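Just below is one structure, and these are the notes that go with it.
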Amino acid sequence: MPHSKYTTLVHILDQIRREAPQEYKRYHVLETDTDKLDQARSRTFIHLFLKVRFGLLDFKDREYFITDESYDGGVDAYFVNEETKAVYFIQSKFRTTQDNFQEKNISFDELLRMDVDRITEGQETDEDGNKYNGKIKQLQRDINNVSDIGRYSYEIIILANLKDCKPSQLRKLTGGFSATVFDYEKTYSELVFPVVSGTYYNEKELCIRLNLSNTTLSSSRISYNVNTNFKSCDISLVFVPTIEIGQILYKYRNSILKFNPRSYLELSNNTVNKDISKTITERTTNEFALFNNGITMLSEGTNFNERVGVKDQAQVVVTNPQIINGGQTAYTLSRLYEQSIKGGIPSDIFDNKEVLVKIITFNIEPKDDQAQQLSLIEDISKATNQQTPVDEADRRSNDKIQIEIQKALFDNYGFYYERKRGEFADGVHEKYISRSQIVDRDTFLRLCMACDFRPAIARRTSSKVLFREDNFSNTLSDKTRAHEYFFAYRCYLLLNEIERQFTKEPNNQYGVVNYGQALRYGKYAVISVCNFLSQDKTLESAKQLVEPILSNWLKFEAYAVSMPTNSTYFRIYVDPDTEEKQKELNYSGYYKGRTLDEDLGKFFFEIPMEKLEGEPGAAH
């Protein structure tokens with residue numbers, strides 16, 4: 001069962017290096033050649049950074065910026081970012097074991113060897129007279145070719161651990177340049193998690209082309225100012241060419257759906273998509289603008305320019321955009337766009353077809369209350385999705401507590417809590433992670449109930465009711481209990497492992513002979529008992545508890561059958577034909593029934609029912 005963020009990182013690096021064209025032989029090495037494999041992964045680590053941080057999706061595009069060779073002036077890679085007006089110089093130290101990756105620091109000497117000053121001054125050699133390699137000369141040419149280079153800043157990126165180094169000391173080590181350190185924690189949170197969840201195509205400013213041929217300059221958009229309890233915001237209504245929306249979601253996927261209740265791939269499971277698609281593919285006129293309810297987009301700044309030097313065109317620039325409603329429409333357009341660029345359908349199907357976009361702009365300032373802003377965004381998202389068939393689990397997907405639990409499970413255990421269905425589908429498809437690392441949200445919420453000593457409710461509650469606001473808020477409200485909830489999940493995985501041992505025993509399915517109905521109907525009951533008994537909530541504690549508790553389960557069920565209070569589920573009757581006594585044992589009903597929780601308390605702990613009742617968490 002062991003998973004770690006480091007092993008996931010290595011899987012990602014191996015998948016990325018396999019993307020290399022065959023002529024890049026340094027990436028295609030034998031798994032048995034440890035030295036060359038480590039070198040390939042070390043270089044690919046820079047690929048990962050360039051892919052996630054700067055959105056360079058093509059392998060050759062990334063390889064262009066890697067300078068890591070002899071006489072590289074201590075610069076392993078670079079990137080000239082026109083958007084941020086910055087040139088980034090990258091120094092990377094990949095460690096080939098988990099312990100070293102998390103504990104070993106880059107040395108000050110290695111940082112001092114970065115010749116950023118000499119390189120940017122146009123020097124051709126290092127201080128010892130060695131000529132810089134061809135890639136460094138390429139870097140110098142790229143800087144020289146930037147017409148307004150005087151407006152650019154120079155920044156250092158350090159892909160390594162660097163502890164106990166103050167910012168002032170770091171600036172001295174890097175020759176006075178601003179530096180950002182990606183230590184192991186930041187690598188996991190800002191490189192690994194985004195690439196697994198498909199949220200790394202971040203674009204601070206998004207330019208959307210508008211068609212003005214059917215409007216006048218004065219009517220190309222409608223704007224309205226609204227006061228809220230957070231601050232005032234502007235609402236703008238514009239009609240956007242459908243191909244623009246298709247391109248945006250095709251590229252940015254989950255990155256632009258962070259506040260949407262659904263993930264990119266989960267939007268595919270809807271019959272509405274076919275109707276949306278037909279309006280584009282089967283009509284040459286613009287009924288799409290009439291039939292479709294449109295898209296709602298959040299922005300932290302919106303600028304319109306209706307004089308772009310092209311007749312009947314305008315442009316809207318949106319800062320940090322997020323689609324919170326109309327994801328189904330955007331998804332369908334993205335799939336059609338993908339088919340068009342791959343030659344499956346003609347690209348002219350988008351011609352003269354537009355969709356209404358409502359842009360809600362919060363002009364964000366540093367002093368603004370971020371928590372209050374996120375709360376308002378969450379309310380807007382839920383309100384705008386009321387009219388669409390979004391189930392309760394999806395509607396809760398962006399609740400703050402779920403985001404916090406997701407972060408806690410990843411940071412502490414390397415597991416991926418799937419608060420949105422399909423959220424990590426890209427990671428699984430690319431083989432960055434396995435499905436066994438994904439924590440199902442329905443199961444997790446039931447385990448939270450088991451931690452509150454409510455196993456019967458955990459088993460009988462439907463998914464729809466499980467995520468209903470009152471049940472959800474009473475069950476999942478305290479992020480500090482994440483360790484307890486994950487302990488329950490560990491127990492759940494161990495029970496599943498034990499259950500699999502009996503799959504090939506037709507006469508002992510679910511290990512009934514060994515453990516009664518514990519594995520078939522009673523998993524949440526077993527976990528409630530384990531959680532109550534455990535003190536440290538570790539994997540070892542789970543292993544030590546599960547087996548002994550299971551070994552007592554036949555005795556527990558015999559006790560339950562003998563209890564008069566369980567006559568609804570277990571009864572003895574006389575067969576009228578044979579006149580023999582028969583037992584009717586309804587374990588399925590019992591493990592969902594009203595007496596289970598009390599029976600567990602009395603049998604395992606001699607706890608009266610009133611001690612188990614009350615506020616959630618009273619028994620943990």
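Just so it is clear, the structure is predicted and the values come from calculations on it, not from any experiment.
Side chain of Arg62 to backbone of Leu56: a donor-acceptor contact under 3.5 angstrom is found. Judged by distance alone, with hydrogens and angles left aside, the side-chain atoms of Ser299 form no donor-acceptor pair with the main-chain N or O of Val318 at under 3.5 Å.
Residues Ser4 and Gln98 have side chains that bring a donor and an acceptor to within less than 3.5 angstrom of each other. No side-chain donor from either of Tyr24 and Glu19 sits under 3.5 Å from a side-chain acceptor of the other. For the residue pair Glu69 and Asn133, no side-chain donor N or O sits within less than 3.5 Å of a side-chain acceptor on the partner. Under the 3.5 Å distance criterion, with hydrogens and angles disregarded, no donor-acceptor pair is assigned to the side chains of Tyr432 and Asp426. One side chain, Thr8 or Gln437, offers a donor N or O that lies under 3.5 Å from an acceptor on the other.
When all heavy atoms are compared, the tightest approach of Lys186 to Asp183 is N-OD1, 2.9 Å. When all heavy atoms are compared, the tightest approach of Tyr250 to Glu338 is CE1-CG, 3.5 Å.
Salt-bridge check for Asp148 with Lys85: passed, with a basic side-chain N closer than 4.0 Å to an acidic carboxylate O. With respect to Arg171 and Glu155, no salt bridge is recorded, no charged nitrogen being found less than 4.0 Å from a carboxylate O. One finds no salt bridge joining Arg95 and Glu103 here, because no Lys/Arg side-chain nitrogen approaches an Asp/Glu carboxylate oxygen to under 4.0 Å. Residues Asp126 and Arg118 are not paired through a salt bridge, judged by the lack of any N-O separation under 4.0 Å between the basic side chain and the carboxylate. The pair Lys137-Glu124 does not meet the salt-bridge criterion, since no charged nitrogen lies less than 4.0 angstrom from a carboxylate oxygen.
By the side chain to side chain contact (heavy atoms under 4.5 Å, CB included) test, Thr34 pairs with Asp38, sequence neighbours left out. With sequence neighbours excluded, the residues that form a side-chain hydrogen bond (donor to acceptor under 3.5 Å, both in side chains) with Asn398 are Arg419. Scanning for ring pair (Phe, Tyr, Trp, His ring centres under 6.0 Å) contacts around Phe89 gives Tyr154, with sequence neighbours left out.
In this structure, Phe54 has its ring center closer than 6.0 angstrom to the ring center of Phe79. Taking the six-membered ring where the residue is Trp, the centroids of His47 and Phe65 are separated by 6.0 Å or more. For Phe193 and Tyr188, the ring centers are positioned 6.0 Å apart or more. A ring-centre distance under 6.0 Å is not found for Tyr489 and Phe444.
Both tests pass for Lys5 against the ring of Phe410: distance under 6.0 Å to the centre and angle within 45° of the axis. Annotation: cation-pi pair Lys353/Phe350 absent, no NZ/CZ under 6.0 Å from the ring centroid and within 45° of its normal.
At most 12 non-hydrogen atoms from other residues, nucleotides or ligands lie less than 6.0 angstrom from NZ of Lys431.
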Quick one, Arg17 with Glu31, criterion salt bridge (charged side-chain N to carboxylate O under 4.0 Å, His left out). Give me CA distance, side-chain angles, the key distance, then yes/no. CA-CA 12 Å; Arg17 68 181 179 82; Glu31 301 285 332; 3.0 Å; yes
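Checked options Arg441, Glu418, Lys420, Glu423; the residue passing with Gln406 is Glu423 (criterion: side chain to side chain donor-acceptor pair (under 3.5 Å)). Partner of Tyr78 under the side-chain contact (heavy atoms from CB on, under 4.5 Å) criterion, out of Ile90, Thr67, Leu50: Thr67 alone.
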